[in-house]
Colleague: 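Right, I'll just put the structure down here and ask away after.
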Amino acid sequence: MPLDRYAERFLGLVRVGAGGRSGELSLTDMRRTTDALASFAAQERARPVETSDATLREGPLAIAIRIYAPRSLAERVSPALVYFHGGGWLSGDLDSHDGLCRALADEGQCRVIAVDYRLAPEHRFPAAIEDCRAALRLIVADAGRLSVDPKRIGVAGDSAGGNLAAGLCQSERETAPAIAMQLLLCPVLDALGRTPSRRELAAGYFIEERTMARYFEHYRIEGLEPDDPRVSPLRATDLSALPPTRIHTAEFDPLRDEAALYAERLSEAGVDARLNVHAGMIHHFYGLGGVIPYAKIGLAAIGADIGEVLG
Amino acid sequence: MLDRPTLTDRVLIVVRDVLADQPTVETVGADDELRNAGLTSMGMVRLMMATEVAFNIAIPNEDLHPDNFRNARALAKLVARLLSEQETARA
């Protein structure tokens, strides 16, 4: 299918917006770019979802979270998705992905708990993973107070957040209760990305390969191999006993092929894994409903997956 | 009598709206480079979309050129041309 015409228009605008830029984006600019994404999901604020901010604490740890609860649930116990935002491990926060989290809570009819994990390069690998792991554990421990069924808690994330969610599922296979689902949206699954889609769509498709390389440079630490499964979940040798997996990616996303490879390898390992490649779409389309009308359809499909696995 | 705001003034209002979170929002002038005023590529996307809405125009792909979005004055020039083309098409 050709590129969706609204997505094409958006890419055209991004190209002009980036035009005339000399040199590389600064860290501040990369962060502001991710923050600005929120304005393209502003329409999701109309969803019937209540939010509340809280802080998870354990010893020296203090992790900010935002809880999204569909109004239809009222006080009823529900499944939940613990959500890790994208932004190349170095940008994004509770606000940048607020609209997307509202949409997921509404479409999936579950609570979504977004985690404000520490960012690189101030906090390099494995700070983000440690925060996500601690947040998940504390949420499970506190499930009753959060009106969440501890046996139906899944993890989810987009882009680099999908990388954190996938890595967490691999490292937490022994914990009980088992993670009930992993929902990966256009995830980064191979830090160095050597797939055909990374090469064919390296420039001009919203997320640039040269930016991907910079993300990883800021995130990595001395001695960490890019093939380490903790940063490249696709490179893990054992993919058995992972939670039911739903992956949504886009035909024109440079990260498309690594998602497909991961879904294939998970299925071979006996995991209930399903892949949805959204035709004509680009990276992060589900968070761009203000410019790409198809986002609404994509979000409904994602919500149906949440309901099917956690419902 | 108050002066009628010029097209450039009206474009500046749209620019300031998009720059709302920037310290430059109060000081940005018609000839200031928007990128130097803190407009990111995403901000530029928002500016292009907001301009279409504010002036009820469609910016054709061939006009999606960085020069047209360099500063408020250049953008006002583009808007003026597109508005007059629209008028001609209607007539």
Side-chain angles (χ1 to χ4, degrees), chain A residues 3 5-43 86-88 91-93 95-97 99 203-208 210-211 214 282-285 287-293, chain B residues 11-28 30-79 81-82:
Chain A
L3 194 56
R5 68 190 173 99
Y6 295 97
E8 187 176 19
R9 170 82 175 164
F10 176 71
L11 292 178
L13 297 178
V14 171
R15 205 159 26 245
V16 182
R21 187 177 73 211
S22 54
E24 308 241 285
L25 282 178
S26 68
L27 179 62
T28 310
D29 283 341
M30 287 194 280
R31 287 181 172 162
R32 287 188 52 218
T33 299
T34 304
D35 292 346
L37 289 178
S39 67
F40 302 116
Q43 75 289 346
S91 68
D93 56 22
D95 292 331
S96 63
H97 287 60
Y205 291 90
F206 190 39
I207 181 167
E208 307 264 321
R210 63 175 189 158
T211 311
R214 293 193 64 217
I282 57 172
H283 190 71
H284 200 66
F285 67 94
L288 299 171
V291 271
I292 302 177
Chain B
V11 166
L12 261 177
I13 294 171
V14 180
V15 166
R16 291 205 174 105
D17 201 41
V18 175
L19 278 176
D21 60 340
Q22 288 299 300
T24 51
V25 63
E26 301 293 340
T27 55
V28 65
D31 297 302
D32 291 330
E33 293 278 328
L34 294 179
R35 199 171 300 282
N36 295 342
L39 203 65
T40 60
S41 59
M42 288 301 115
M44 203 67 94
V45 173
R46 283 171 55 208
L47 174 62
M48 291 182 254
M49 290 167 46
T51 303
E52 291 192 329
V53 173
F55 296 96
N56 191 26
I57 50 172
I59 304 173
N61 286 339
E62 55 268 29
D63 284 318
L64 290 179
H65 191 277
D67 286 351
N68 286 331
F69 301 89
R70 200 175 61 244
N71 55 35
R73 198 177 301 285
L75 183 52
K77 204 173 144 193
L78 172 70
V79 171
R81 177 165 62 74
L82 294 175

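Order of the sequence lines fixes the chain letters, A, B, ..., with proteins taken first and strands second; residue numbering starts at 1 for each chain.
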Colleague: Which pair of heavy atoms, one from A/L13 and one from B/M49, lies closest together, and at what distance?
Modeller: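 Heavy atoms of A/L13 and B/M49 come nearest at CD1-CG, 3.8 Å.
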
Colleague: Work out which heavy atom in B/L64 is nearest to a heavy atom in A/G12; give both atom names and the distance.
Modeller: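 Residues B/L64 and A/G12, closest heavy atoms: CD1-C, 4.4 Å.
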
Colleague: Closest heavy-atom contact between B/R35 and A/V16?
Modeller: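 Taking B/R35 first and A/V16 second, the nearest heavy atoms are NH2-O, 4.1 Å.
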
Colleague: Is it the backbone or the side chain of B/L47 that comes under 4.5 Å from a heavy atom of chain A, or both, or neither?
Modeller: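 The answer is neither part of B/L47.
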
Colleague: Could you tell me which non-hydrogen atom of A/R9 sits nearest to which non-hydrogen atom of B/N61, and how far apart they are?
Modeller: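 Shortest heavy-atom contact: NH1-OD1, 3.3 Å.
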
Colleague: Quick one: of B/D21, B/I59, B/L34, who has the most non-hydrogen atom pairs under 4.5 Å with chain A?
Modeller: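 Highest number of pairs under 4.5 Å: B/I59.
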
Colleague: Indicate the atoms forming the closest heavy-atom contact of A/A18 with B/S41, along with that distance.
Modeller: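 Of all heavy-atom pairs spanning A/A18 and B/S41, the closest is N-CB, 3.8 Å.
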
Colleague: Please walk me through it: do A/T34 and B/M42 pass side-chain contact (heavy atoms from CB on, under 4.5 Å)?
Modeller: CA-CA 8 Å; A/T34 304; B/M42 288 301 115; over 6 Å; no

Colleague: Please name the pair of heavy atoms, one in A/S39 and one in B/R46, separated by the smallest distance, quoted to 0.1 Å.
Modeller: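 Nearest pair, atom of A/S39 first, then B/R46: OG-CD, 2.9 Å.
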
Colleague: Please classify the contact of B/Q22 with chain A as side chain, backbone, both or neither, using a heavy-atom distance under 4.5 Å.
Modeller: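 Side chain only.
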
Colleague: Please rank B/T40, B/L39, B/N68 by heavy-atom pairs under 4.5 Å with chain A and give me the top one.
Modeller: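 The option with the most such pairs is B/T40.
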
